[in-house]
Amino acid sequence: MQISPLTRRRLANFCRNRRGFWSLWIFLFFFLISLFAELIANDKPLVVWYDGALYTPVFVSYNETVFGGEFLTEADYRDPFVSELIEEKGWMIWPPIRFSYATVNYDLDTPAPAPPSTDNWFGTDDQGRDVVARLLYGFRISVLFGLTLTIFSSIVGIAAGAVQGYFGGTLDLFAQRFIELWASMPTLYLLIILASIVTPNFWWLLGIMLMFSWMGLVGVVRAEFLRARNFDYVRAARALGVSDRVIMVKHVLPNAMVATLTFLPFILSGSITTLTSLDFLGFGMPPGSASLGELLNQGKNNLQAPWLGISTFLVLSVMLSLLVFIGEAVRDAFDPRKTFQ
């Protein structure tokens with residue numbers, strides 16, 4: 001596939017912004033690590049060799065009786081009794097962090113929240129759960145939530161802006177009045193009210209936030225379609241009998257995507273911030289979920305345990321800073337004033 005000169009110039013402009021270029025790679029590195037969180041932080045071994053057979057507890061649930069135990073429930077591999085049974089006839093390979101995001105460490109030397117130690121590198125929260133594991137899983141949930149919300153809100157916002165800008169007239173007038181009324185609502189308060197009525201989960205929160213996040217791109221796309229709908233190539237396409245849908249998608253939308261793409265990293269960071277705010281206030285993910293906002297709330301309530309607030313603040317600040325730097329690099333890449341030097 002041959003790259004056009006315009007695309008080559010944009011890639012060169014993006015790579016020339018060293019801060020944004022390296023921020024992209026650093027963010028992708030952390031994101032890829034978080035995708036394999038179960039292999040890095042888990043309270044189950046990666047591999048168990050027992051009595052001549054190979055088991056993978058991290059992927060398959062095994063009863064305790066499989067390893068010579070007495071109960072038909074899933075084996076607790078952190079239980080010394082189960083560990084001794086397995087080590088008598090085999091061995092186990094553990095992940096680097098022997099805690100999942102919901103695993104409670106019952107062997108703490110001090111009351112929870114416990115300070116950093118060799119077992120819990122960043123300490124534990126007020127329920128004895130490992131902070132590193134919760135940060136790792138919370139980072140993944142935040143990024144996946146932000147990416148999903150950004151994709152869906154972009155689809156809705158681009159479609160709404162395209163229809164308004166291309167057809168204009170009465171449709172555009174009424175749509176703009178509706179957006180003005182919808183945008184004037186106190187979004188955060190409505191999210192809190194709706195989240196308090198039902199038990200929130202990942203998809204329910206996504207649907208609620210999608211109701212208000214799609215308006216961010218409408219103005220940009222609408223302005224581009226209003227500008228381009230009277231261009232000569234659009235008029236020529238109409239004269240040749242090309243349908244409005246084809247003109248919008250193939251001829252006008254590519255021009256609008258230039259301005260749209262520069263907004264996406266900032267929309268992503270805003271989505272992550274909104275989810276963190278809801279979790280901090282207690283109206284976000286269900287209790288017990290890996291949540292950066294819930295860890296921040298614990299840091300506020302446990303000032304004697306500074307590792308809670310400091311570690312979560314560092315993760316959020318680095319993540320959002322990387323996204324902002326990436327957004328600035330994308331903006332420079334699509335800036336027509338940027339040329340080769």
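- Under a hydrophobic-cluster definition in which Ile, Leu, Val, Met, Phe, Trp and Tyr are linked whenever side-chain heavy atoms come within less than 4.5 Å, directly or via other members, I141 and L39 are assigned to the same cluster.
- A chain of hydrophobic side-chain contacts below 4.5 Å, direct or via other Ile, Leu, Val, Met, Phe, Trp or Tyr residues, connects W91 to W94.
- By the 4.5 Å heavy-atom criterion applied to side chains, N301 and D126 are not counted as neighbours.
- Salt bridge status for R140 with E38: present, with a side-chain N to carboxylate O gap under 4.0 Å.
- For F313, the CZ atom is loosely surrounded, since the number of other residues' heavy atoms within 6.0 Å does not exceed 12.
- In terms of heavy-atom proximity, L108 sits nearest to G128 at CD1-CA, 4.1 Å.
- Annotation for F212: atom CZ counts as buried by contact number, over 12 foreign heavy atoms lying within 6.0 Å.
- Within the 4.5 Å cutoff, no side-chain heavy atoms of D279 are placed close to those of N297.
- Within the 4.5 Å cutoff, no side-chain heavy atoms of R98 are placed close to those of T103.
- For the pair L261 and V330, the tightest heavy-atom approach, listed with the atom from each and the gap, is O-CG1, 3.7 Å.
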Step by step, would you call K300 with L296 a side-chain contact (heavy atoms from CB on, under 4.5 Å)?
-> CA-CA 6 Å; K300 176 182 72 70; L296 279 179; over 6 Å; no
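- Using a 4.5 Å heavy-atom threshold, the side chains of L323 and F266 count as separate.
- Atom CZ of F29 has 12 or fewer heavy atoms from other residues, nucleotides or ligands within 6.0 Å.
- Remark: the Q176 side chain and the E180 side chain contain no N/O donor-acceptor pair separated by less than 3.5 Å.
- Contacts of Y101 classified as ring-ring contact (aromatic ring centres under 6.0 Å, His included), with partners at least two apart in sequence or in another chain: Y137.
- Around atom CZ of F27, more than 12 heavy atoms belonging to other residues, nucleotides or ligands sit under 6.0 Å away.
- Using modelled atom types, no side-chain atom of Q164 and backbone atom of L171 make a donor-acceptor pair closer than 3.5 Å.
- Pairing each heavy atom of S184 with each of L181, the nearest pair is OG-O, 2.6 Å.
- Residues N120 and R129 form no side-chain contact, since every pair of their non-hydrogen atoms from C-beta on lies 4.5 Å or further apart.
- Classification of K44 and E74 as a salt-bridged pair holds, one side-chain N sitting under 4.0 Å from a carboxylate O.
- In plain terms, the two heavy atoms of P95 and I40 that are nearest each other are CB-O, 3.5 Å.
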So F71 and T65, side-chain contact (heavy atoms from CB on, under 4.5 Å) or not? Walk me through it.
-> CA-CA 6 Å; F71 299 104; T65 55; 5.9 Å; no
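- Distance check, rounded to the nearest 0.5 Å: CG of D79 to CG of D43 gives 12.0 Å.
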N13/D332 under side chain to side chain donor-acceptor pair (under 3.5 Å): CA gap, chis, key distance, verdict = CA-CA 6 Å; N13 287 336; D332 292 343; over 6 Å; no
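- With sequence neighbours left out, the ring-ring contact (aromatic ring centres under 6.0 Å, His included) criterion links Y62 to Y55.
- Counting heavy atoms from C-beta outward, F202 and M285 have side chains that approach closer than 4.5 Å.
- Here the side chains of R222 and R227 are not in contact, with every heavy-atom distance at 4.5 Å or above.
- With hydrogens and angles disregarded, no donor-acceptor distance shorter than 3.5 Å links the side chain of W121 to the backbone of D130.
- L264 has its side chain within reach of S154: a pair of non-hydrogen atoms, C-beta onward, lies under 4.5 Å apart.
- By the 30° and 60° cut-offs, the orientation of the rings of F67 relative to Y77 is perpendicular.
- The pair R134-D125 counts as a salt bridge, with a side-chain nitrogen and a carboxylate oxygen less than 4.0 angstrom apart.
- If you take CG on L205 and OG1 on T274, they are separated by 11.0 Å, rounding to the nearest 0.5 Å.
- At distances below 3.5 Å, at least one donor-acceptor pair connects side-chain atoms of D76 with backbone N or O atoms of R78.
- To the nearest 0.5 Å, atom CD1 of residue I326 and atom CD1 of residue I26 are 9.0 Å apart.
- In this structure, the side chain of S34 engages the main chain of F31 through a donor-acceptor pair within 3.5 Å.
- The two residues P115 and T110 have their closest heavy-atom pair at CD-OG1, 3.5 Å.
- Using the six-membered ring where Trp is involved, F178 and W182 have ring planes that are parallel, under 30° apart on the 30 and 60° scheme.
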